[in-house]
Number of protein chains: 2
Amino acid sequence: MSTDVFGALANPVRRRLLEGLREGPRSTGDLAGMFDLGRPAVSEHLAVLRGAGLVREEPRGRHRFYHLEAAPLAEVEDWLHPFERYWNRRLRALSDLLDEEDSR
Amino acid sequence: MSTDVFGALANPVRRRLLEGLREGPRSTGDLAGMFDLGRPAVSEHLAVLRGAGLVREEPRGRHRFYHLEAAPLAEVEDWLHPFERYWNRRLRALSDLLDEEDSR
DNA sequence: CCGACGCGTCGGGAAAGGTTGACGCGTCGG
DNA sequence: CCGACGCGTCAACCTTTCCCGACGCGTCGG
């Protein structure tokens with residue numbers, strides 16, 4: 001298991017897979033229909049997402065449904081947060097406020 | 001220019017480089033001192049960051065200073081935002097903070 | 001019970017990424 | 001003017017990633 005969330009998000013196919021799963025659970029073949037990709041390729045991308053904890057699988061009959069598991073994305077959010085003040089004036093005020101809160 | 005921000009962030013060395021640049025501009029050799037890496041490796045990581053627009057270079061004498069350019073990180077933030085409602089943690093913290101502010 | 005279906009996984013080949021040593025270029029100090 | 005310094009870049013190598021065809025396994029329908 002790699003648990004490398006940033007690495008999992010580096011691939012555009014995997015990002016689109018997560019976007020598709022936002023609307024609800026889907027089967028592998030259903031997801032594969034979204035791309036010009038073979039089913040094995042999609043299956044392996046899903047394995048990477050599973051390794052990063054971004055997806056949970058639910059076998060049902062001969063299908064296998066994948067569910068979005070967004071919690072690990074918090075790691076990305078946490079990493080991103082200290083940078084927010086450098087590109088968004090509006091968020092900068094909030095960022096400063098949070099700093100003020102933390103140091104109280 | 002690759003402009004692939006997600007790909008640029010996939011490497012832990014590049015993430016640490018950005019973290020280091022948050023504190024101010026630094027020279028290549030200075031940044032290389034932060035890692036067990038040769039200077040060429042760091043130089044090429046910086047080239048990737050430059051390709052993604054995450055870094056701006058300022059030649060000064062025989063040094064070359066790199067500045068953080070956080071604007072492209074907004075793309076990551078924008079992609080991440082629709083997922084926030086699925087893990088809620090930070091959203092809840094912000095909500096709590098706003099409530100506290102209102103009642104002051 | 002048997003063939004079709006939906007899967008994951010494995011082996012291999014192509015492509016991309018990471019690191020290194022060697023080189024060349026501009027810059028500074030003596 | 002010359003040697004040392006700080007850089008970027010290149011060729012080469014190794015590793016990783018990405019994709020496919022082929023296979024095997026469990027499941028469903030007739």
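Each chain gets a letter, A, B and so on, in the order its sequence line appears, and its residues count up from 1.
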Within this structure, what is the CH2-CG distance for the pair A:W79 and B:L9, rounded to the nearest 0.5 Å? 5.0 Å

Between N or O atoms, less than 3.5 Å apart, protein on one side and nucleotides 28-30 of chain C on the other: list the pairs.
none

Spacing between B:H45 atom NE2 and D:dC7 atom C1', to the nearest angstrom: 17 Å

Atom CZ of B:R16 and atom CG of B:L21: how far apart are they, to the nearest 0.5 Å? 12.5 Å

For D:dA12, the Watson-Crick or wobble counterpart (both distances under 3.5 Å): C:dT19

Can you tell me how far apart CG (B:L49) and CG (B:L18) are? Round to the nearest 0.5 Å. 5.0 Å

Base, sugar-phosphate or nothing for B:F65? Non-hydrogen atoms, less than 4.0 Å. nothing

List the atom pairs, with distances to 0.1 Å, where a side-chain N or O of residues 52-67 of chain A and a protein N or O form a donor-acceptor pair under 3.5 Å, not counting sequence neighbours.
unit_1 : atom_1 : unit_2 : atom_2 : d
A:R56  : NE     : A:E69  : OE1    : 3.0
A:E57  : OE1    : A:R64  : NH1    : 3.4
A:E57  : OE1    : A:Y66  : OH     : 3.3
A:E58  : OE1    : A:H67  : NE2    : 2.7
A:Y66  : OH     : A:R50  : NH2    : 3.4

Do the side chains of B:F83 and A:E19 get nearer than 4.5 Å, heavy atoms only? yes

Considering only side-chain heavy atoms of A:H63, which listed nucleotide, D:dC20, C:dT19, C:dC7, is closest? C:dC7

Tell me the interatomic distance from B:E58, atom CD, to D:dC7, atom P, rounded to whole angstroms. 13 Å

For D:dG6, take OP1 and OP2 only and decide whether either is under 4.0 Å from a side-chain N or O of B:Y66. no

In residues 20-40 of chain A, what residues come within less than 4.0 Å of DNA chain C, judged by heavy atoms? A:S27, A:T28, A:G29, A:R39, A:P40

Please tell me if A:N11 has a side-chain N or O lying less than 4.0 Å from either OP1 or OP2 of D:dC18. yes

Please determine whether a side-chain nitrogen or oxygen atom of B:S43 lies at a distance below 4.0 Å from atom OP1 or OP2 of D:dC7. no

Say whether, by atom type as modelled, one donor and one acceptor occur between the side chain of A:R14 and the main chain of A:G7 under 3.5 angstrom. yes

Return the nucleotide paired to C:dA4: Watson-Crick means purine N1 to pyrimidine N3 with N6-O4 or O6-N4, wobble means G-U with N1-O2 and O6-N3, both under 3.5 Å. D:dT27

Quick one: CG on A:L80 to CD on A:E84, what's the gap to the nearest 0.5 Å? 6.5 Å

Nearest-Å distance, CZ (A:R50) to P (C:dC7)? 13 Å

Given atom CD of B:E57 and atom P of C:dG26, what is their separation to the nearest angstrom? 15 Å

Atom CZ of B:R16 and atom P of C:dG18 are separated, to the nearest Å, by 16 Å

When rounded to the nearest 0.5 angstrom, what distance separates CG in A:L31 from OG in A:S43? 10.5 Å

With hydrogens left out and only the distance checked, is there a donor-acceptor pair under 3.5 Å joining A:E44's side chain and the base of C:dC10? yes

Round to the nearest Å and state the distance from A:L46 atom CG to C:dG6 atom P. 16 Å

Within the structure, does a side-chain N or O atom of B:R14 lie under 4.0 Å from either OP1 or OP2 of C:dG18? yes

Nearest 0.5 angstrom please: B:L46 CG to B:R39 CZ, how far? 11.0 Å

If every non-hydrogen atom of A:V76 is compared with every non-hydrogen atom of B:V76, which pair is closest and at what distance? CG1-CG1, 4.2 Å

